Amino acid sequence: MKLDKTLLKKCVLPLLIVFLVCFFIMGSSVLFRTNPWVDSNAMLTMGKSVLHGLVPYRDVIDQRGPFLYLIFAIGAAIKQTSFLGVFIMQLLNVSIIYWLSLKIAKEFKLASVEPQWAAILGPLALIATSAFSFGGAPEEFAFTSVLYLLYILNRYKQDVTDIPLKTYFLLGINLSLIFWNKFSMVGSYAVFFLWVAGIFLYQKQFKKLLKVIVAAVLGFLVISAVFLAYYAIQHSLANLFQIYFVQNINSYGQTNQSTLSKIWSLLFLIGKEFRVFAVTILIIIAGWIKAIHDNKPVAIEISMFLGAVLFVALQHRVNYYYVLIWMPFLTIALLRLLQFQIPKMNSLNKISFNLLIVTCLIAIPFANNFDLQQLIVKGDGTSYSYESNLAQRKFGNIIRDKKTKNHQPSLLMVNDLDKGFLLAADILPSTRYWQKLNMNYEELPQMYHSFNDYLVHKKVDFVIVSVPGVQANNIGTVKQQVSAVIDPHIRKSLFANYRMESVAANGPDVYYVLYYRK
């Protein structure tokens, strides 16, 4: 469905308001000193590494997919020393979400509110909950592809037999974008295509099913071929499969539980998703009740939602930002609820409705997302929660002072993810494992063996250790606390080959110790 030029002109003001709210909400925004989230910092470092010719999984190791690295590489190409480029990529993503929401609003034929204002509910569903955190998560960019699937599903009245082959091709592309971003997010698409296969098989439309499979697979391969070709050219296909698939499946969050215990844990994690985001779940259910009341089919949509919830739980833990992948269902629910007919709706009341939606866009993120209090506005020394960026700035200056024309200092995070230290120092990783991934020794022993090798042979100049709690007053206590938080497999190598260079804290909850090779 094409959008007329008159409607597009009417979208300028609502979209500008969305951008303005993003300016105050997104951790990557130029309003703030930096994005403090470890994941966003790790992705920006990976993006910068790609720009400088390093190959993910071969030269630098992280757990996310190559499509996410590409997004951050484009952001780094715009600006390598800050999150400006990433913020621009996020705004582009939000624009697509707004555009899809606009098309859904037009399909729903809303009577109470104009579609250009109703479309704000798409970006609102993205940023309104604590699942958004600081922004920059894989789920944020996958949100768009899931919303596209929901748009297609509702455009064709949830009758998958009416969806054209070219659209299945586009759905295959979107599935591939999610798969190469973070494959554990494919739940909605997996259920959708299983449903499609079941319906065509039930109706004995075997030729049509074959055409659908070919179209979707071709779409999937269009994107996949790009990444596979890149890794083939780099002679790194084995690294891609070993790290992105084998390591993530076999190491991350794995336990020795019995089968029944694993099932219990899975149900508990699903319950946690529902419990933490109970209000969101109720709104989504209300949207389905509205559709059922209007005699519209939603069985496939409900199944897709449950598939998304299940795949989130299959990650063996539920971090809040994981559930962002099923927030597109909130977009659909909110737009459905706007289909209620309000009698005697005059133009003044419509303006009031528009104003209400804008008010929700501005207020709800601040009500739900407590991570926002950690953001430091440029020019300020601390955040609303009294956290600073002191350690990053202090250590960054020390590391940069070691730069020469022929030598870039190297850095290793041995017991934590990078919280922006490489960005502050404006350096790249020099070792495959450059930060501690969220895996213990039993889950990923090769990472700890690599750390030990780097430390024994002094392959990195600097090492940073994060220590929970209030910064100690004397060096002896600091050393004892560092020893307590360092994995025993690397403790001896660190103390034997590195000396304490500096100590700094960003707040009362954690402080950092910088070591320099002896």
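A quick note: this is a predicted structure, and the numbers were derived from the prediction, not measured. Here, residue 1 is the first one in the sequence, and each next residue gets the next number.
Rounding to the nearest 0.5 angstrom, the gap separating the OH atom in Y512 from the CD atom in Q471 is 12.0 Å. Distance CD1/I464 to CG/L422: 7.5 Å, rounded to 0.5 Å. With rounding to the nearest 0.5 Å, the separation of OH in Y321 from CE in M327 is 14.5 Å. Expressed to the nearest 0.5 Å, how far CG of D487 lies from CZ of F451 amounts to 9.5 Å. For the atom pair CG (L121) and CG (L330), the distance works out to 8.5 Å, reported to the nearest 0.5 Å. To the nearest 0.5 Å, atom CZ of residue R64 and atom CE of residue M46 are 10.5 Å apart.
Salt-bridge formation is not detected for the pair K403/D461: no Lys NZ or Arg NE/NH1/NH2 atom is positioned less than 4.0 Å from an Asp or Glu carboxylate oxygen. No salt bridge links E501 with K394; every basic N to acidic carboxylate O contact stays at or beyond 4.0 Å.
Taking the centre and axis of the six-membered ring of F141, the NZ or CZ atom of K182 falls outside the cone set by 45° and 6.0 Å.
With R58 contributing its side chain and L240 its backbone, the two residues share no donor-acceptor pair below 3.5 Å.
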- prompt: Can you list the steps and then say if F87 with F83 is a ring-ring contact (aromatic ring centres under 6.0 Å, His included)?
  reply: CA-CA 6 Å; F87 181 56; F83 279 91; over 10 Å; no
field: Evaluation steps, side-chain hydrogen bond (donor to acceptor under 3.5 Å, both in side chains), between Q90 and S28
entry: CA-CA 9 Å; Q90 289 179 280; S28 303; 3.2 Å; yes
Steps toward side-chain hydrogen bond (donor to acceptor under 3.5 Å, both in side chains) verdict (N368, T129): CA-CA 5 Å; N368 288 337; T129 69; over 6 Å; no
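Side-chain atoms of E273 and W326 form a donor-acceptor pair, as typed in the model, at a separation below 3.5 Å. Judged purely by distance below 3.5 Å, without hydrogens or angles, the side chains of E443 and N438 never pair a donor atom with an acceptor atom. Residues S388 and T382 have side chains that never bring a donor and an acceptor to within less than 3.5 angstrom of each other. In the model, S224 has a side-chain atom that pairs as donor or acceptor with a side-chain atom of W180 under 3.5 Å.
Ring to ring, F220 and F179 are close: their centroids are under 6.0 angstrom apart.
Contact record, G85 with K79: N-CB, 4.1 Å, taken as the closest heavy-atom pair. Shortest non-hydrogen contact noted between L375 and I25 is CD1-O, 4.0 Å. Y69 and D62 make their closest contact through OH-CB, 3.1 Å (heavy atoms, listed as atom of the first residue, atom of the second, distance). Here the closest non-hydrogen pair linking Y322 and R317 is CE2-O, 3.3 Å.
Evaluated for a side chain to side chain contact (heavy atoms under 4.5 Å, CB included) with Y433, the options L412, I61, V60 yield exactly one hit, I61. With Y244 as reference, F183 is the one residue of F227, F183, Y231 to meet the ring-ring contact (aromatic ring centres under 6.0 Å, His included) rule.
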